[in-house]
Amino acid sequence: MSASIWLLSAVLVLSGPDDRESGRHTTNRYQLDNTLVTLIDEIDIAAQEAGIITDLTVQEGSEVRANDKIAQISDSKAQAAKKVAQAEHEVALAEAENDISVRYAKKAAEVAYYDFMAHKLANKQAKGSTPEAEMKKLHLSWQKGELETEKAQLELDVAKLTAKAKEASVEAADDDIHRRRVFSPIDAVVIEIDKHVGEWVNPGDRIARIVRMNKVRVKGMLALAEVSPIQVADRPITVEARISNNRSVQFQGRIVFVAPELDPSGKYYKVVAEVENREENGTWLLLKGMSPRVTVEAGIAADETKTRR
């Protein structure tokens, strides 16, 4: 019997003929073997820029939210660079908004034009009243005025582009300052501190290590002979963890991944679930490395069956 035919037979046996005809959803509970609690996120918080740590806002055990500040690297030089960039931007902006040169050049060109036209008209009325050489000078003055206008306009356009460049310099200075502030990317717990106030760090040096605890992963194995992968995909699970000699606590979760392969024995496949963790007296209950009892509610309805390719 081929693997696909065997798998289909297993599904049909577990669902039963009456349930296939009525479309009812049957459930069966199976316990996972070799369970292990792991973390979804373990992050090394590193420095992006070199410098001395001037402030550390967390300690081991601190809980942080996403975008909470963890540390500050000296940014006095970056702050000074920003002030210079801002001043240069203000100067460039003032020059970009000043069109006096353009307006003056236009007026000068107009005067030169009317002067030339007046002498030209006078020559028509009294030929030779203005010598030809003088007329050429007047014409040249008019043309010079036109060119001076174009030049002034070009200088104004360049000033506007310079102002934009200076604005970008201010933004770059802001980014330089921001890169010296170390933030948490997620909601997490600080479990290690590697650097302290007064210590020098280089880019890439780890300052702290954080882990996500409000949601964890639980991995385990299921026997193919007992339940098929299609019956456990996206199904709810119950996790029972012993936290003391006389106390167990239950958690709810859901399977998020079913491995598309079997283990070397050819009998088991791995499943991964995500489980909402919780605190009690400031301590998280599900911890990395625990091996809890995990039960999955496997089941599938005939009208919900999907062919996986």
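One is the number of the first residue; the rest follow in order along the sequence. Scope of the values below: all heavy atoms of this structure, side chains included, with no hydrogens, waters or symmetry mates.
Here CH2 of W284 is found 14.0 Å from CD1 of I243. Values are rounded to the nearest 0.5 Å. To the nearest 0.5 angstrom, R278 atom CZ is 13.5 Å from T283 atom OG1. Between the NZ atom of K215 and the CZ atom of F251 there is a distance of 14.5 Å, given to the nearest 0.5 Å. Interatomic distance, I40 CD1 to R217 CZ, rounded to the nearest 0.5 Å: 5.0 Å. For the atom pair NZ (K106) and CD (Q153), the distance works out to 6.5 Å, reported to the nearest 0.5 Å. One distance of note links CG of D205 with NZ of K195; it measures 5.0 Å at 0.5 Å rounding.
Put simply, the side chain of T35 gets close to the backbone of P292: a donor and an acceptor are under 3.5 Å apart. Looking at N277, its side chain does come within 3.5 Å of a backbone N or O of M213 through a donor-acceptor pair. Without hydrogens or angle criteria, T130 side chain to M135 main chain gives no donor-acceptor distance under 3.5 Å.
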side-chain contact (heavy atoms from CB on, under 4.5 Å) evaluation trace for L222 with D33: CA-CA 6 Å; L222 285 170; D33 295 324; over 6 Å; no
Audit row: V275, Q252, side-chain contact (heavy atoms from CB on, under 4.5 Å) steps and yes/no: CA-CA 6 Å; V275 180; Q252 302 302 315; over 6 Å; no
side-chain contact (heavy atoms from CB on, under 4.5 Å) evaluation trace for I73 with V201: CA-CA 8 Å; I73 298 172; V201 291; 3.8 Å; yes
Intermediate values then yes/no, salt bridge (charged side-chain N to carboxylate O under 4.0 Å, His left out), E280 and R247: CA-CA 13 Å; E280 190 173 284; R247 186 183 174 206; 2.6 Å; yes
Steps toward side-chain contact (heavy atoms from CB on, under 4.5 Å) verdict (V190, V64): CA-CA 7 Å; V190 179; V64 293; 4.3 Å; yes
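With hydrogens and angles left out, the side-chain atoms of H196 and E199 include a donor and acceptor closer than 3.5 Å. A donor-acceptor pair shorter than 3.5 Å cannot be found between the side chains of N123 and H119. One side chain, S228 or Q231, offers a donor N or O that lies under 3.5 Å from an acceptor on the other. Side-chain N/O atoms of R65 and N67 include no donor and acceptor closer than 3.5 Å. Between the side chains of Q31 and R293, at least one donor N or O lies within less than 3.5 Å of an accepting N or O.
Across all their heavy atoms, L156 and A96 have their closest contact at CD1-O, 3.2 Å. Taking every heavy atom of both residues into account, V258 and V232 meet most closely at CG2-CG2, 4.1 Å. Here the closest non-hydrogen pair linking P229 and Y269 is N-OH, 3.4 Å. Contact detail for H89 and A163: the closest heavy-atom pair is CD2-O, 3.2 Å. Here the closest non-hydrogen pair linking S265 and Y268 is OG-CD1, 3.9 Å. Considering all non-hydrogen atoms of both residues, T149 and A109 come closest at OG1-CB, 4.1 Å.
A salt bridge between D194 and R209 is absent, with no side-chain N of the basic residue lying under 4.0 Å from a carboxylate O of the acidic one. Salt-bridge formation is detected for the pair K288/E42: a Lys NZ or Arg NE/NH1/NH2 atom is positioned less than 4.0 Å from an Asp or Glu carboxylate oxygen. The pair E171-K166 does not meet the salt-bridge criterion, since no charged nitrogen lies less than 4.0 angstrom from a carboxylate oxygen. Using a cut-off of 4.0 Å between Lys/Arg side-chain N and Asp/Glu carboxylate O, D263 and K267 are scored as not salt-bridged. Under 4.0 Å is where a charged nitrogen must lie from a carboxylate oxygen, and between R180 and D75 no such pair does. In summary, R206 and E192 engage in a salt bridge, as defined by a charged side-chain N under 4.0 Å from a carboxylate O.
Using a 4.5 Å heavy-atom threshold, the side chains of T238 and Q250 count as touching. Between V211 and D41 there is no side-chain heavy-atom pair separated by less than 4.5 Å. Counting heavy atoms from C-beta outward, W200 and N202 have side chains that approach closer than 4.5 Å. Counting only heavy atoms from C-beta outward, the side chains of L32 and V271 approach each other to under 4.5 Å. You'll find the side chain of S248 reaches within 4.5 Å of the side chain of E240, heavy atoms only. Side-chain contact between M290 and L36: absent, with no pair of heavy atoms (C-beta onward) separated by less than 4.5 Å. By the 4.5 Å heavy-atom criterion applied to side chains, I193 and L56 are counted as neighbours. Counting heavy atoms from C-beta on, the side chains of I43 and P185 come closer than 4.5 Å.
Both Y30 and I237 are part of a single hydrophobic cluster, where members link through side-chain heavy atoms under 4.5 Å apart.
The only member of D187, V189, N214, I210 that meets side chain to side chain contact (heavy atoms under 4.5 Å, CB included) when paired with E63 is V189.
Note on ring orientation: taking the six-membered ring where Trp is involved, the planes of F116 and H139 are perpendicular (angle over 60°, cut-offs 30° and 60°).
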